[in-house]
Protein chains: 2
Amino acid sequence: MSPAGRRPGDSGTREAILTAAREGFSAAGYRGTSLRAIAREAGVDPALITHYFGSKDALFEAALALPLDPGALVPLLLAEGLDGLGDRIVRAFLAVWDGTPGQGPMLAMLRSAVTHEDSAERLRELLTRVLLRPLAEGAGKGDAELRAALLASQVAGLAVARYVLKIEPLASATADQLAPLLGPTLQRYLTGALA
Amino acid sequence: MSPAGRRPGDSGTREAILTAAREGFSAAGYRGTSLRAIAREAGVDPALITHYFGSKDALFEAALALPLDPGALVPLLLAEGLDGLGDRIVRAFLAVWDGTPGQGPMLAMLRSAVTHEDSAERLRELLTRVLLRPLAEGAGKGDAELRAALLASQVAGLAVARYVLKIEPLASATADQLAPLLGPTLQRYLTGALA
DNA sequence: AACAGAATTCATCATGCGTAGAGTTCTACG
DNA sequence: CGTAGAACTCTACGCATGATGAATTCTGTT
């Protein structure tokens with residue numbers, strides 16, 4: 001049909017592939033998404049993906065690169081003091097997920113973490129080292145590891161319940177509704193008495 | 001190699017297939033596990049799986065059949081009153097997961113729920129209708145749906161953090177250590193003030 | 001104007017998949 | 001015994017997959 005050879009002008013093919021890949025991976029996970037499906041979605045020949053990224057694994061890697069730096073979030077959250085920290089964490093979390101176009105990379109990370117052992121390790125690393133532990137240490141109440149883990153459990157649970165299982169009314173609640181519900185839990189995990 | 005035809009004696013082939021299937025599905029999810037791999041693991045011809053179960057979907061269904069009745073748990077938990085309910089839920093949850101041989105069906109359910117849209121629906125149904133909502137209604141403080149959803153979020157989060165992401169020290173903590181940490185959260189979601 | 005190299009298509013390979021069907025051997029029941 | 005049917009193996013089909021290599025067309029630099 002279409003002739004071979006380079007197209008004139010600036011075709012944002014690479015980006016189109018990445019977008020389609022994120023969509024696919026976040027919807028069906030790594031194995032559930034074929035290169036051909038991604039190519040079809042992106043309106044592109046399958047071989048182009050190999051051409052650009054080398055392999056499916058490399059594409060996956062590239063698609064999961066987060067568009068934001070989670071490390072930058074921590075000082076921002078801590079800047080306003082410990083009061084209402086839990087509340088602000090809930091809001092920040094929801095803002096990131098709901099704000100990310102199509103929730104692509106986020107859901108993809110979660111989905112693949114649950115299936116792919118390597119991804120689970122990477123997500124654990126990212127979550128604990130860059131995000132949760134700094135938060136818990138910033139709170140300065142000791143037991144940083146434990147507090148970070150508890151925080152992770154409630155935050156991950158929110159993600160699963162809201163975005164994967166879509167349990168109502170959690171799934172369609174607004175940040176204003178959720179913050180006072182979950183905030184106190186996080187606050188206690190971070191700054192409260194534990195035993 | 002091996003001759004065709006029926007083997008003498010009682011070969012627990014069906015069970016072997018189910019075991020291998022649970023192992024596979026819980027380790028790599030639905031798509032990530034092939035019938036041939038299951039058959040190899042079970043030391044069995046792939047066609048036997050079709051013979052016994054009809055299709056991969058049906059096998060999946062059969063492998064996920066829970067060995068326990070979650071509905072029976074609720075009255076047990078509620079029987080001892082509302083005091084310490086959260087605590088008891090944490091303990092029951094851990095007992096079920098840690099007690100289930102190989103955590104097979106449990107992890108498989110979680111893993112596939114995250115990948116497979118249908119499984120997500122089934123898990124949501126099971127969780128909310130049979131387990132969480134009866135609990136929240138049994139607590140009798142109103143807002144049963146919302147309380148059930150919040151409960152789900154913390155419980156699912158515990159599962160993900162402990163069994164999938166394996167975040168320490170959550171992953172290797174005992175029930176006695178976790179109950180006082182997470183119990184109050186669940187207690188508040190079920191019986192506490194919400195807004 | 002020439003040319004290296006990037007972008008793109010196509011045809012193709014080997015592999016693995018889920019499933020179906022035919023054939024063989026054993027068991028259970030009459 | 002005889003025979004229905006369950007347990008089991010083998011072969012094969014059609015399809016999708018990830019990857020490769022050659023061919024073609026455009027772009028940027030000299």
Side-chain angles (χ1 to χ4, degrees), chain A residues 1-25 27-64 108 111-112 115-116 118-119, chain B residues 1-25 27-64 108 112 115-119:
Chain A
M1 289 281 150
S2 349
R6 187 172 188 163
R7 301 285 166 278
D10 184 11
S11 63
T13 299
R14 227 191 113 100
E15 281 312 307
I17 292 175
L18 274 178
T19 302
R22 289 202 188 93
E23 217 161 297
F25 288 141
Y30 182 80
R31 307 221 191 199
T33 309
S34 71
L35 289 186
R36 288 166 147 94
I38 293 173
R40 209 178 310 125
E41 175 79 24
V44 143
D45 190 278
L48 254 189
I49 298 182
T50 298
H51 174 59
Y52 275 121
F53 299 94
S55 75
K56 188 183 183 182
D57 270 315
L59 207 217
F60 186 66
E61 196 80 18
L64 285 200
R111 283 229 155 85
S112 53
T115 312
H116 217 247
D118 293 355
S119 300
Chain B
M1 289 287 146
S2 348
R6 188 171 188 165
R7 301 284 166 278
D10 184 12
S11 65
T13 300
R14 227 190 112 99
E15 280 314 307
I17 292 176
L18 274 178
T19 302
R22 288 204 190 92
E23 216 162 299
F25 288 141
Y30 183 79
R31 306 220 189 196
T33 308
S34 71
L35 290 186
R36 288 166 148 93
I38 294 173
R40 211 178 308 126
E41 178 78 14
V44 144
D45 189 279
L48 251 191
I49 299 182
T50 299
H51 173 60
Y52 274 121
F53 298 94
S55 75
K56 188 183 182 180
D57 270 315
L59 206 218
F60 187 64
E61 196 81 16
L64 286 200
S112 53
T115 311
H116 214 249
E117 181 64 29
D118 294 354
S119 301

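Since we're looking at a predicted model, the values are computed, not measured. In what follows, chains are A, B, ... by sequence order, proteins preceding strands, each numbered from 1.
Minimum atom distance to the side chain of A/Leu35 is reached by D/dA19, of the listed C/dT9, D/dC8, D/dA19. Of the listed nucleotides (D/dA19, D/dC8, C/dA20), D/dC8 has the atom at the smallest distance from the side chain of B/His51. The nucleotide whose nearest atom lies closest to any side-chain atom of B/Ala47 is, among C/dC17, C/dT19, D/dC10, D/dC10. Minimum atom distance to the side chain of A/Arg36 is reached by D/dG18, of the listed C/dT19, C/dA7, D/dG18. Side-chain atoms of A/Tyr52 lie closest to C/dA7 of the nucleotides D/dC8, C/dT19, C/dA7.
In this structure, the CG atom of A/Asp45 is 13 Å from the C1' atom of D/dG21, given to the nearest Å. One interatomic measurement links the two molecules: CG of B/Leu59 to C1' of C/dC17, which rounds to 15 Å at whole-angstrom precision. Atom CZ of B/Arg40 is separated from atom P of C/dT15 by 14 Å (rounded to the nearest Å). Put simply, OH on B/Tyr30 is 12 Å from C1' on C/dC17, counting in whole angstrom units.
Mapping A/Ser34 and A/Gly54 onto DNA chain D via the closest heavy atom, the residue that lands nearer the 5' end is A/Ser34.
In plain terms, the two heavy atoms of B/Asp45 and B/Ala39 that are nearest each other are C-CB, 4.0 Å.
A/Glu61 pairs by the side chain to side chain contact (heavy atoms under 4.5 Å, CB included) definition with A/Arg122, not counting sequence neighbours.
Between A/Phe25 and A/Tyr30, the ring-plane angle classifies as parallel under the 30° and 60° cut-offs.
In this structure, A/Thr13 reaches the C/dT8 phosphate: one of its side-chain N or O atoms is under 4.0 Å from OP1 or OP2.
One end of the helix from C/dA1-D/dT30 to C/dG30-D/dC1 points its axis 10° away from the other end's axis, with each axis taken from 5 pairs and the angle rounded to 10°.
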